[in-house]
Chemist: 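Before anything else, here's the structure in question.
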Number of protein chains: 2
Amino acid sequence: MEKKTLRDVPDEDFLRLEHQICFSLHAASRAFNGVYRTALKDLGLTYPQYLVMLVLWEHGELPVKQIGEHLRLDSGTLSPLLKRLEATGYVERRRSAADERSVTARPTAAGSALRERALGTPRRIAEATGLTLERIRALRQELDELTTRLDASA
Amino acid sequence: MEKKTLRDVPDEDFLRLEHQICFSLHAASRAFNGVYRTALKDLGLTYPQYLVMLVLWEHGELPVKQIGEHLRLDSGTLSPLLKRLEATGYVERRRSAADERSVTARPTAAGSALRERALGTPRRIAEATGLTLERIRALRQELDELTTRLDASA
DNA sequence: CACAATTAAGTTGCACACAACCCAATGGCG
DNA sequence: CGCCATTGGGTTGTGTGCAACTTAATTGTG
């Protein structure tokens, strides 16, 4: 019995099959977002804002450009988001002296303090997934590879 | 040697570890979206609009409510989306005679014709993922289970 | 039957994402 | 040195997602 490959599937079935994989990804991403929404409400952060804070907690002061590289986001998304984080008081922005085009962001005192309060959150989320450590790692790796391939063919 | 579980990981590491799984999902979803964006441009559809058309092609006329159940979306998202699909001419909406609260949507002639033109798209997408059939199926199942667990704890 | 609770859509407001722009600063290159 | 292409941020416009609310129709219950 031959192994079934993509080429053996008729177009008709494909409309259904692929509906499953991309949609599943889409749905899972939004489900995660929902869990984070409630988990982060106390901290006054949205999920994308939380991702930015994670990057800043880990790397300290960073130019907008590099934040975008870490998170796969462009200035069109980051500029207003950082402005909101600044309005909330978690982040400071300033023009780089070395390169006047560049703007760097860094956590304020309140932003750094927030890190302590956020420490418990990721564990609760990880437990909500019901996945083991290995499973998480494997899934993460597969998804990252997938992203790379998709970005390459875009 | 004991197997390492979630409980053995210190909070500190979690801020990094968890950054991986949910963010990977988030990024992969957006990468998919990007590939679809270019693939669907010719058809005049966005990716969520395409998902709605997939459902309507498969099930024919459906109440908004049931479309939402298939796609995990509520009326707040679907109402304007369906209005745009109606404006483009791919979908017709009408109040149900049996239940005046309900509104059903179905493909127009143009909407049905679009299906033929869309037949090739999913295969190209699936090939762009670089995944085998089994891998796609396994990934889909794992993501669906993940979504169920996340929704349950929200 | 009357009436409160529920249900289905729709609307409003907010926050991403991202394409398509714009502007100012920088860097090359002749 | 002068000029143009490139680069980093920002703005605008469109389309989701989703919470919170509104409206109208239906259902359930006394």
Side-chain angles (χ1 to χ4, degrees), chain A residues 23 25-38 40-41 44-52 62-69 71-88 93-105 147 150-151 154, chain B residues 22-23 26-38 40-41 44-53 62-69 71-88 91 93-105 147 150-151 154:
Chain A
F23 165 70
L25 203 56
H26 194 61
S29 173
R30 284 184 293 128
F32 247 120
N33 214 306
V35 175
Y36 270 104
R37 191 190 315 280
T38 55
L40 295 173
K41 189 151 55 175
L45 291 178
T46 66
Y47 175 56
Q49 287 168 11
Y50 172 70
L51 290 179
V52 168
L62 273 188
V64 173
K65 179 70 189 233
Q66 285 185 42
I67 298 176
E69 283 164 5
L71 297 178
R72 200 189 169 282
L73 290 172
D74 68 354
S75 71
T77 300
L78 285 175
S79 284
L81 192 157
L82 286 170
K83 222 151 80 175
R84 280 186 286 270
L85 277 178
E86 196 171 34
T88 319
R93 283 187 303 167
R94 59 174 178 188
R95 293 244 154 231
S96 160
D99 186 339
E100 287 283 335
R101 292 170 302 177
S102 177
V103 169
T104 61
T147 300
L150 290 175
D151 276 345
Chain B
C22 60
F23 166 68
H26 194 60
S29 173
R30 285 183 292 128
F32 247 120
N33 213 304
V35 176
Y36 270 105
R37 191 190 316 279
T38 55
L40 295 174
K41 190 152 52 172
L45 292 177
T46 66
Y47 174 55
Q49 288 168 10
Y50 172 69
L51 290 179
V52 168
M53 293 310 293
L62 273 188
V64 174
K65 179 71 188 225
Q66 286 185 41
I67 298 176
E69 283 164 4
L71 298 179
R72 200 187 169 285
L73 291 172
D74 68 356
S75 70
T77 301
L78 285 176
S79 286
L81 191 156
L82 287 169
K83 223 152 77 176
R84 280 187 285 271
L85 277 178
E86 196 170 35
T88 319
V91 154
R93 283 188 303 166
R94 58 175 178 190
R95 292 242 155 234
S96 158
D99 186 340
E100 286 283 335
R101 291 171 303 178
S102 177
V103 169
T104 61
T147 300
L150 289 175
D151 277 345

Chemist: Taking the nucleotide of DNA chain D with the nearest heavy atom to each, does Arg37(A) or Lys65(A) sit closer to the 5' end?
Modeler: Lys65(A)

Chemist: The criterion is side chain to side chain contact (heavy atoms under 4.5 Å, CB included); which residues satisfy it with Arg101(B), sequence neighbours excluded?
Modeler: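 Applying side chain to side chain contact (heavy atoms under 4.5 Å, CB included) to Arg101(B) gives Asp99(B).
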
Chemist: Heavy atoms only: give me the nearest Tyr36(A)-Tyr50(A) pair and the separation to one decimal.
Modeler: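 Smallest interatomic distance, heavy atoms only, reads CE2-CE2, 3.6 Å.
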
Chemist: State which residues pass side chain to side chain contact (heavy atoms under 4.5 Å, CB included) with Ser75(B); sequence neighbours excluded, sorted by chain then number.
Modeler: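 By the side chain to side chain contact (heavy atoms under 4.5 Å, CB included) rule, Ser75(B) matches Ser79(B).
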
Chemist: Looking at residues at least two apart in the chain, or sitting in another chain, which of them share a salt bridge (Lys or Arg N to Asp or Glu O under 4.0 Å) with Arg93(B)?
Modeler: Glu86(B)

Chemist: Under 4.5 Å between any side-chain heavy atoms of Leu82(B) and Gln49(B), yes or no?
Modeler: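 Answer no - side chains too far apart.
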
Chemist: Partners of Gln66(A) by side-chain hydrogen bond (donor to acceptor under 3.5 Å, both in side chains), sequence neighbours excluded?
Modeler: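 If we apply the side-chain hydrogen bond (donor to acceptor under 3.5 Å, both in side chains) test to Gln66(A), skipping adjacent residues, there are no hits.
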
Chemist: dG17(D) C1' sits how many Å from Arg72(B) CZ, rounded?
Modeler: 10 Å

Chemist: Using a 4.0 Å cut-off to any heavy atom of chain A, which nucleotides of DNA chain C are the first and last in contact, reading 5' to 3'?
Modeler: dA15(C) to dT26(C)

Chemist: For nucleotides 24-28 of chain D, tabulate all protein N/O to nucleotide N/O atom pairs closer than 3.5 Å, reporting atom names and distance.
Modeler:
residue : atom : partner   : partner atom : Å
dT26(D) : OP1  : Glu100(B) : N            : 3.2

Chemist: Any idea which heavy atoms bring Val64(B) and Leu78(B) closest together, and the distance?
Modeler: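 Smallest interatomic distance, heavy atoms only, reads O-CD1, 3.7 Å.
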
Chemist: Tell me, please, which residues at least two apart from Arg72(A) pass side chain to side chain contact (heavy atoms under 4.5 Å, CB included).
Modeler: Thr147(A), Asp151(A), Ala27(B), Arg30(B), Ala31(B)

Chemist: From CG of Leu78(A) over to C1' of dG10(D), roughly how many Å is that when rounded to an integer?
Modeler: 12 Å

Chemist: Starting at atom CD1 of Ile67(A), determine the distance to atom P of dG10(D), rounded to an integer number of angstrom.
Modeler: 10 Å

Chemist: Could you check how far CZ of Arg93(A) sits from C1' of dG10(D), rounded to whole Å?
Modeler: 9 Å

Chemist: May I have the distance from Leu82(A) (atom CG) to dG9(D) (atom P), rounded to whole angstrom?
Modeler: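 In whole Å, dG9(D) P lies 10 Å from Leu82(A) CG.
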
Chemist: Can you name the residues that form a side-chain hydrogen bond (donor to acceptor under 3.5 Å, both in side chains) with Arg94(B), not counting sequence neighbours?
Modeler: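 For Arg94(B) the side-chain hydrogen bond (donor to acceptor under 3.5 Å, both in side chains) partners, ignoring immediate neighbours, are Glu61(B).
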
Chemist: CZ of Arg30(A) versus P of dG17(D): gap in Å, rounded?
Modeler: 6 Å

Chemist: For every nucleotide of nucleotides 11-16 of chain D, 5' to 3': is a protein heavy atom under 4.0 Å from its base (B), only from its sugar-phosphate (S), or from neither (-)?
Modeler: B---SB

Chemist: Are any side-chain N or O atoms of Arg95(B) and backbone N or O atoms of Glu100(B), one a donor and one an acceptor, separated by less than 3.5 Å?
Modeler: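 The answer is yes, because a donor-acceptor pair under 3.5 Å joins these two groups.
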
Chemist: Under the side chain to side chain contact (heavy atoms under 4.5 Å, CB included) test, which residues partner Thr88(B), sequence neighbours left out?
Modeler: Tyr90(B)

